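This report refers to the structure that appears directly beneath it.
Remember, it's a predicted structure, so these values are computed and weren't measured experimentally.
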2 protein chains.
Amino acid sequence: MATIGDVARVAGVSRSTASYALSGKRAISLEVRQRVDEAVRELGYTPNAGARALATAQTHVLGLLVQFLEDEFAPAMLQYMLGVSNVARELGYDILMVTDPDGAGSLERITDSRMVDGVILLNVADDDLRLPVLRTASQPSALVGLPADCTGLDVFDLDFAEAGRVMVDHLADLGHREVVLISQPEHVVERGGAYVWRLRDAALAQAAARGVLLHAVYGEAQQPAVGRCLNDVLDRFPTSTGLLVHNEAAAVALPAVLQARGLTSPADLSVIGRYSDEFARTFSLPYSSIDSAPDRLGRMAVRQVVRRIENPGLHEPHVVRFIPPELVDRASTAQARSR
Amino acid sequence: MATIGDVARVAGVSRSTASYALSGKRAISLEVRQRVDEAVRELGYTPNAGARALATAQTHVLGLLVQFLEDEFAPAMLQYMLGVSNVARELGYDILMVTDPDGAGSLERITDSRMVDGVILLNVADDDLRLPVLRTASQPSALVGLPADCTGLDVFDLDFAEAGRVMVDHLADLGHREVVLISQPEHVVERGGAYVWRLRDAALAQAAARGVLLHAVYGEAQQPAVGRCLNDVLDRFPTSTGLLVHNEAAAVALPAVLQARGLTSPADLSVIGRYSDEFARTFSLPYSSIDSAPDRLGRMAVRQVVRRIENPGLHEPHVVRFIPPELVDRASTAQARSR
DNA sequence: CTGAAAGCGCTTACAG
DNA sequence: CTGAAAGCGCTTACAG
């Protein structure tokens, strides 16, 4: 493999001149620049990333920490990963993907060894073990998901509380008086998935305020439990006219369950989910939904990390940014009537 | 951040001794080893990955090239990615994930700049633009998926031809005389997805040999086209008693379609899919299937690349390895009867 | 506008 | 069993 020394020799200049000609960091005579460019072409020269990283203390790599947990629906995570990866590439960064179940350990490893310039954390838990590591790391980072303590962290998340209110308001406005909310499995909450109760508690409060009876239940994440759970809920709350689905696996399973019971939405049941547009397309989900906007959140997180990486001077205060929920109407809700 | 120089100073030894004490590459007195270990702990020392890569010409990073194409079902790719990522970690490698649509360009970039020690390619096309790049790269690589020309490449794939035969045999043995095969969208074939016709052609040949009338049709990859297509197929071939689904999106959509038409499997229709166990679980697919074994293929590919990386001496011939299809019985097939 | 030199943080022959 | 030194391939002050 050709080195910059080879380029310099072929172009008949010093290594520093060759380097500057390539980086454009100082003025170079047209003639020299052309000779260098020519040498680069001739040799097929590409700078060695490791050497550059060592010299500049910048790897142009971002760590992406994902966890695939049993009680979460894996395909939903993919959306976030792709969002992050695509934006990173636009901004000139590569992605080191870490799927290790021992997130904290891996995080420490990739930051301490300076493999990455910054880090993006997905599926953040309330009391995430990775956060202490992150706070002592010297690289900037951003979270997608809200932990209990945001001190010293940049955090991006959907405003789940507002999402809960929007869902309830939407059905209340249509005259629904009894509604069921199916959340993620209870285990997700125990593990620190605060978004579950953030949405649920706000929904409950709003329901109370609007005079709506809201039954909040935990769902399941894997089949066949999901299907059973949905049937169970429909059996237990026969007079409910609305269904809020804060659970991707349940949303995916719902069409078959409704069909089996001879129910149609919105005629028999008004349904609102919470998933991205892309997700709805992939699984052909016919329900209106609060857009979880994974691409947008991924984009915000990456941008923020890159800003901090590239402007080490500015010590801007850390931000906690909630994006407002948007209801994508797929005509799965209607005026309430009894089932 | 502490360097090995700091460690050496604190331990009162030379940098080389500190380095050897850590790598274990030469005998070190117990006392010195302890002093070095103590210094490492005290300073929280972690070797700088870039510097090590420069010195050893090994990054311990593997490139993982994935493409998310419109006409493929994204969640199916995830299985392969996780398989690769997990095995890589077991073997001490990190994953640089590249999702760039310009696979060839990205591949050249990460190999030429020596960001990776080796490369794993997913969704390989018959005439894949990335292959010429791979052949000139100095790092070893492995493909999951069979291209037209395997020269100089290590290739791992499911034996799709045999899979087609197994599917047909299974139904033929049960007395089915007319069967439909739904493949991936035609566009996948045009793009070079040879696995589609490898399975189809073998299925057609076997069907002819067994006296089975096999209708081979292309499916769709996205809703709502998938559902329409399935209904269409069931309308067009009303006397078929078996359905072979070589199309993840169609498999996911099938339960709802059958239910809507009042059909049950296997009573009304014997169904065999082709997807992994994990996929079946995630989507609650009740159909027997040829296991696509993404984890196993990922594991084989990574192992092979790592073997080549770590034994640069042995110039073993390249391998093209097909794994034999296994039918996972989920009781969705039965003796043929007319619909 | 260009060059010689130092330095980034490691590893590993070479010497003793 | 240990150390001094060279080298991996870049970048970037320092000098002219």
Side-chain angles (χ1 to χ4, degrees), chain A residues 1-37 39-40 43-61 109-117 138 310 312, chain B residues 1-37 39-40 43-61 109-117 138 310 312:
Chain A
M1 215 68 216
T3 72
I4 196 152
D6 300 324
V7 171
R9 190 163 25 73
V10 169
V13 297
S14 72
R15 298 194 311 157
S16 58
T17 298
S19 177
Y20 282 119
L22 290 174
S23 69
K25 288 193 182 167
R26 76 178 181 194
I28 299 281
S29 72
L30 182 63
E31 195 223 331
V32 165
R33 161 163 299 142
Q34 286 173 339
R35 286 215 311 271
V36 170
D37 287 349
V40 165
L43 296 166
Y45 170 73
T46 306
N48 179 300
R52 177 173 280 177
L54 185 57
T56 61
Q58 295 242 326
T59 62
H60 274 259
V61 173
R109 187 171 57 76
I110 66 171
T111 51
D112 282 358
S113 67
R114 319 222 135 238
M115 298 183 79
V116 296
D117 293 341
S138 44
E310 299 184 352
Chain B
M1 216 67 213
T3 73
I4 197 153
D6 299 325
V7 171
R9 189 164 25 73
V10 169
V13 297
S14 71
R15 298 195 311 158
S16 57
T17 298
S19 177
Y20 282 118
L22 291 174
S23 69
K25 287 192 183 169
R26 78 178 180 194
I28 298 282
S29 70
L30 182 63
E31 194 223 331
V32 165
R33 162 162 300 141
Q34 285 173 341
R35 286 217 311 272
V36 170
D37 287 349
V40 165
L43 296 166
Y45 169 74
T46 305
N48 179 300
R52 176 173 280 178
L54 185 57
T56 62
Q58 296 242 325
T59 62
H60 274 258
V61 174
R109 187 171 57 75
I110 67 172
T111 51
D112 283 358
S113 67
R114 320 222 134 238
M115 297 182 79
V116 295
D117 292 340
S138 43
E310 299 184 351

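One can place CG of B:Asp112 at 15 Å from C1' of D:dG9, the figure rounded to the nearest angstrom. Between the CD1 atom of A:Ile4 and the P atom of D:dG9 there is a distance of 12 Å, given to the nearest Å. The separation between A:Arg15 atom CZ and C:dG7 atom P is 14 Å, rounded to whole Å. Per the geometry, CD belonging to A:Gln58 stands 14 Å off C1' belonging to D:dT12, to the nearest Å. Atoms CZ (A:Arg9) and P (D:dC10) sit 13 Å apart, rounded to a whole Å.
Candidate nucleotides C:dC8, C:dT2, C:dT11 were compared by shortest atom distance to the side chain of A:Ile28, and C:dT2 ranks first. When distances run from any side-chain atom of A:Thr56 to the nucleotides D:dG9, C:dT2, D:dT11, the shortest one goes to D:dT11. Of the candidate nucleotides C:dC10, D:dG9, D:dC1, D:dC1 has the atom nearest to the side chain of B:Ala27. Closest contact between the side chain of B:Thr17 and the listed nucleotides D:dG3, C:dT2, C:dG9 involves D:dG3. When the nucleotides D:dT2, D:dC10, C:dT11 are ranked by their closest atom to the side chain of B:Arg52, C:dT11 comes out on top. Out of D:dG3, C:dG7, C:dG9, the shortest distance to the side chain of B:Asn48 is found at C:dG9. For B:Ser19, the side-chain atoms get nearest to C:dT12 when compared with the rest of C:dT12, D:dT12, D:dT2.
Proximity of B:Ser14 to the phosphate of D:dT2: no side-chain N or O atom is located under 4.0 Å from OP1 or OP2. Between B:Lys25 and C:dT11, a side-chain N or O to OP1/OP2 separation shorter than 4.0 Å is absent.
Note that the CD1 atom of B:Ile4 and the CZ atom of B:Arg9 stand 12.5 Å from one another [nearest 0.5 Å]. Taken from CE in B:Met1 to OG1 in B:Thr46, the straight-line distance is 5.0 Å, to the nearest 0.5 Å. For the atom pair B:Thr56 OG1 and B:Asp117 CG, the distance stands at 8.0 Å (nearest 0.5 Å). To the nearest 0.5 Å, the span separating CZ on B:Arg26 from OH on B:Tyr20 amounts to 5.0 Å.
Looking at DNA chain C, the stems built from 3 or more consecutive Watson-Crick or G-U wobble pairs, each pair with its key distances under 3.5 Å, are C:1-3 with D:14-16, C:5-12 with D:5-12, C:14-16 with D:1-3.
In terms of heavy-atom proximity, A:Val36 sits nearest to A:Val13 at CG2-CG2, 4.1 Å.
With B:Glu31 as the partner, the side chain to side chain donor-acceptor pair (under 3.5 Å) test is satisfied by one option alone out of B:Arg35, B:Gln34, B:Arg33: B:Arg35.
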Pairs: protein N or O with nucleotides 13-16 of chain C N or O, under 3.5 Å:
unit_1: C:dA13; atom_1: N7; unit_2: B:Tyr20; atom_2: OH; d: 3.1
unit_1: C:dA13; atom_1: N6; unit_2: B:Tyr20; atom_2: OH; d: 3.3

